[in-house]
Amino acid sequence: MPELPEVETIAASLRRRTVGLEIAGIDLYFPGLLRGDAAELAKYRGKKITGVLRRGKMLLITCGANHHLLFHLKMTGGFQWAKKGARRDAYTRLRITFKDLERSLLFRDVRKFGFLRCLETGVPLDSAELSRIGPEPLEITKDDFSRILARRKGRLKSLLLDQTFLAGIGNIYADEILFAARVHPLTPASPLRLKQAERLRAAIREILRKAIAAGGSSIRDYQDADGMDGLFQNEHNVYGRKGEPCPRCGAKIRRLVIGGRSSFFCPRCQRIRSRRSSEGTSQ
DNA sequence: GCCACTGTTAGCAT
DNA sequence: CATGCTAACAGTGG
């Protein structure tokens with residue numbers, strides 16, 4: 001479910017409604033959600049939420065200088081507001097209640113891949129989870145991008161999914177980015193072949209920005225914390241469209257499995273270019 | 001019922 | 001170190 005645009009959207013929806021609220025309690029229904037000591041959750045009682053941030057696909061709820069709740073939503077995690085007294089369903093893993101507020105905030109996660117870690121540090125971005133991932137794709141500069149690209153081999157599709165390369169791109173946006181950049185998902189990441197590094201970076205920026213503006217992609221069950229669907233699925237050009245005509249050239253979209261992940265692309269618009277011959281002849 | 005598939009990534013093998 | 005599969009879980013659809 002949640003890649004960078006979805007987590008960004010969720011963070012914004014949470015921020016609007018939670019900053020300034022005081023936590024009255026945190027109930028953990030699935031102990032496996034929490035990485036670390038369960039006793040830590042008790043320390044959040046009485047703390048005020050001061051900010052909500054996204055880093056890569058991770059979400060950080062901050063309560064003052066030294067207390068942060070770090071969530072990873074993985075495949076099916078998400079937030080939902082619940083009325084007082086409403087019974088939780090089988091997939092509710094955690095509940096946060098607030099002082100002077102009827103509604104409580106639920107964390108739901110069908111597949112139980114998601115996790116929560118309490119960070120007690122003034123610099124959460126330096127924590128193990130948040131510091132090992134790569135740069136933000138919307139913030140990296142031209143020079144830095146070509147620099148990190150130059151160090152990589154392997155196929156562009158797998159590289160885009162590698163969170164230590166760039167943080168936040170997942171399977172949907174990787175395919176849409178490669179389509180926008182008109183490069184084949186199996187293209188080697190070698191910078192010699194990819195003089196189009198800047199075109200790739202531009203595609204990353206374009207797709208992620210549009211997806212954020214659309215509130216993310218709701219394919220199966222993604223919604224933000226206010227229950228709003230995203231709209232970017234209506235702008236998908238290739239993802240999930242095997243056999244359909246390419247919106248650009250009409251060729252049939254193909255599906256390959258690359259690194260164990262479904263990869264959709266247009267065989268005509270996204271050719272593997274050899275270095276010498278076809279630079280600049282992208283149609 | 002069985003099998004393939006799903007928006008992620010940690011862990012292990014090569 | 002880099003890159004490539006697979007399992008972890010639960011559901012859906014053919």
Side-chain angles (χ1 to χ4, degrees), chain A residues 1-11 29-36 54-59 70-79 89-94 107-117 127-134 137 148-178 185-191 207-208 211-212 214-224 229-243 254-264:
Chain A
M1 167 159 74
E3 307 180 30
L4 184 154
E6 289 76 29
V7 181
E8 182 75 26
T9 304
I10 291 170
Y29 306 121
F30 170 57
L33 170 68
L34 184 66
R35 293 187 182 176
R54 177 197 60 75
R55 170 78 171 95
K57 296 174 190 171
M58 288 184 265
L59 184 93
L70 176 69
F71 285 89
H72 197 309
L73 281 41
K74 292 286 184 88
M75 298 279 276
T76 53
F79 293 89
D89 70 12
Y91 307 121
T92 302
R93 309 303 180 192
L94 177 117
F107 178 76
R108 298 179 67 253
D109 183 16
V110 171
R111 289 176 74 177
K112 301 201 278 198
F113 291 161
F115 70 79
L116 163 63
R117 167 148 275 174
S127 69
E129 284 82 2
L130 288 174
S131 64
R132 348 164 329 200
I133 60 177
I148 63 172
L149 199 61
R151 286 198 297 244
R152 298 301 199 117
K153 298 281 181 191
R155 308 166 291 197
L156 280 183
K157 172 60 187 278
S158 301
L159 188 62
L160 288 178
L161 294 179
D162 183 344
Q163 301 299 295
T164 68
F165 174 66
L166 290 176
I169 298 170
N171 205 36
I172 294 177
Y173 296 108
D175 282 1
E176 294 300 324
I177 285 164
L178 292 171
L186 290 174
T187 306
S190 155
I207 295 295
L208 294 180
I212 290 169
S217 302
S218 294
I219 287 181
R220 188 168 267 113
D221 46 23
Y222 161 75
Q223 295 184 327
D224 74 9
D229 284 341
L231 296 171
F232 196 70
Q233 67 280 3
N234 300 322
E235 297 177 54
H236 291 174
N237 286 305
V238 287
Y239 183 82
R241 296 186 169 276
K242 178 185 173 182
R254 290 186 51 198
R255 173 182 182 270
L256 278 182
V257 176
I258 302 172
R261 312 298 306 280
S262 269
S263 301
F264 301 91

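Proteins come first, then strands; the chains are lettered A, B, ... in the order of their sequence lines, and each starts at number 1.
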Check the interface with nucleotides 9-13 of chain B: list each N/O to N/O pair with the protein under 3.5 Å, or write none.
residue, atom, partner, partner atom, Å
dT9(B), OP1, His72(A), NE2, 2.7
dT9(B), OP2, Lys57(A), NZ, 3.0
dA10(B), OP2, Arg132(A), NH2, 3.1

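- When rounded to the nearest whole Å, the span between CG of Leu33(A) and P of dC9(C) equals 15 Å.
- Salt-bridge annotation for Lys57(A) and Glu3(A): absent, with no side-chain N of the basic residue lying under 4.0 Å from a carboxylate O of the acidic one.
- A heavy-atom distance below 4.5 Å is not found between the side chains of Arg93(A) and Arg108(A).
- Side-chain contact between Asp109(A) and Leu73(A) is absent, with no heavy-atom pair separated by less than 4.5 Å.
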Protein and nucleotides 1-3 of chain C: nitrogen or oxygen contacts under 3.5 angstrom:
residue, atom, partner, partner atom, Å
dT3(C), OP1, Lys153(A), N, 2.6
dT3(C), OP1, Lys153(A), O, 3.1
dT3(C), OP2, Arg152(A), NH1, 3.2

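- Remark: Phe113(A) engages no residue in a ring pair (Phe, Tyr, Trp, His ring centres under 6.0 Å) (not counting sequence neighbours).
- When the P atom is used for both dC9(C) and dC12(B), the distance is 16 Å, rounded to whole Å.
- When base pairs are accepted only as Watson-Crick or G-U wobble with both N-N or N-O distances under 3.5 Å, DNA chain C takes part in stems of 3 or more pairs at B:2-6 with C:10-14, B:8-14 with C:2-8.
- Map Gly260(A) and Phe113(A) each onto its nearest nucleotide of DNA chain C; the residue landing nearer the 5' end is Gly260(A).
- In this structure the side chain of Arg254(A) never reaches within 4.5 angstrom of the side chain of Phe264(A), judged on heavy atoms.
- Listed pair Lys112(A) / dA10(C) meets the phosphate criterion, a side-chain N or O lying under 4.0 Å from OP1 or OP2.
- Closest-nucleotide positions on DNA chain C for Val110(A) and Gly259(A) were compared, and the one nearer the 5' end corresponds to Gly259(A).
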Ignoring hydrogens and angles, write down the donor-acceptor pairs under 3.5 Å from the side chains of residues 159-172 of chain A, residues two or more places apart or on other chains.
residue, atom, partner, partner atom, Å
Asp162(A), OD1, Thr164(A), N, 2.8
Asp162(A), OD1, Thr164(A), OG1, 2.7
Asp162(A), OD2, Arg152(A), NH1, 3.1
Asp162(A), OD2, Arg152(A), NH2, 3.4
Asp162(A), OD2, Thr164(A), OG1, 3.4
Gln163(A), OE1, Gly168(A), N, 2.8
Gln163(A), NE2, Leu161(A), O, 3.1
Gln163(A), NE2, Ile169(A), O, 2.9
Thr164(A), OG1, Arg152(A), NH2, 3.2
Asn171(A), OD1, Lys157(A), NZ, 2.8
Asn171(A), ND2, Ser262(A), O, 3.1

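- In terms of the ring pair (Phe, Tyr, Trp, His ring centres under 6.0 Å) criterion, residue partners of Phe71(A) (sequence neighbours excluded) are, by chain and number, Phe79(A), Phe107(A).
- For Ser262(A), a side-chain nitrogen or oxygen approaches OP1 or OP2 of dT6(B) to under 4.0 Å.
- One atom, CD1 of Ile219(A), and another, C1' of dC5(B), lie 13 Å apart when rounded to the nearest Å.
- When heavy atoms are screened at a 4.0 angstrom cut-off, Tyr173(A) is found touching no nucleic acid atom at all.
- Distance NZ (Lys242(A)) to P (dG14(C)): 14 Å, rounded to an integer number of Å.
- Rounded to whole Å, atom C1' of dA10(C) lies 10 Å from atom CE of Met75(A).
- When the C1' atom of dT8(B) is taken as reference, atom CG of Asp175(A) falls 15 Å away, rounded to whole Å.
- The distance between atom CG of Leu256(A) and atom P of dG4(C), rounded to the nearest whole Å, is 14 Å.
- Expressed to the nearest 0.5 Å, how far CG of Asn237(A) lies from CD of Glu176(A) amounts to 5.5 Å.
- Between Leu73(A) atom CG and dT8(B) atom C1' the separation is 11 Å, expressed in whole Å.
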Could you please spell out the steps behind the side chain to side chain contact (heavy atoms under 4.5 Å, CB included) verdict for Met58(A) and Glu129(A)?
-> CA-CA 9 Å; Met58(A) 288 184 265; Glu129(A) 284 82 2; 4.3 Å; yes
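- In this structure, Lys74(A) forms no cation-pi arrangement with Phe115(A), as its terminal cationic atom is not both closer than 6.0 Å to the ring centre and no more than 45° off the ring axis.
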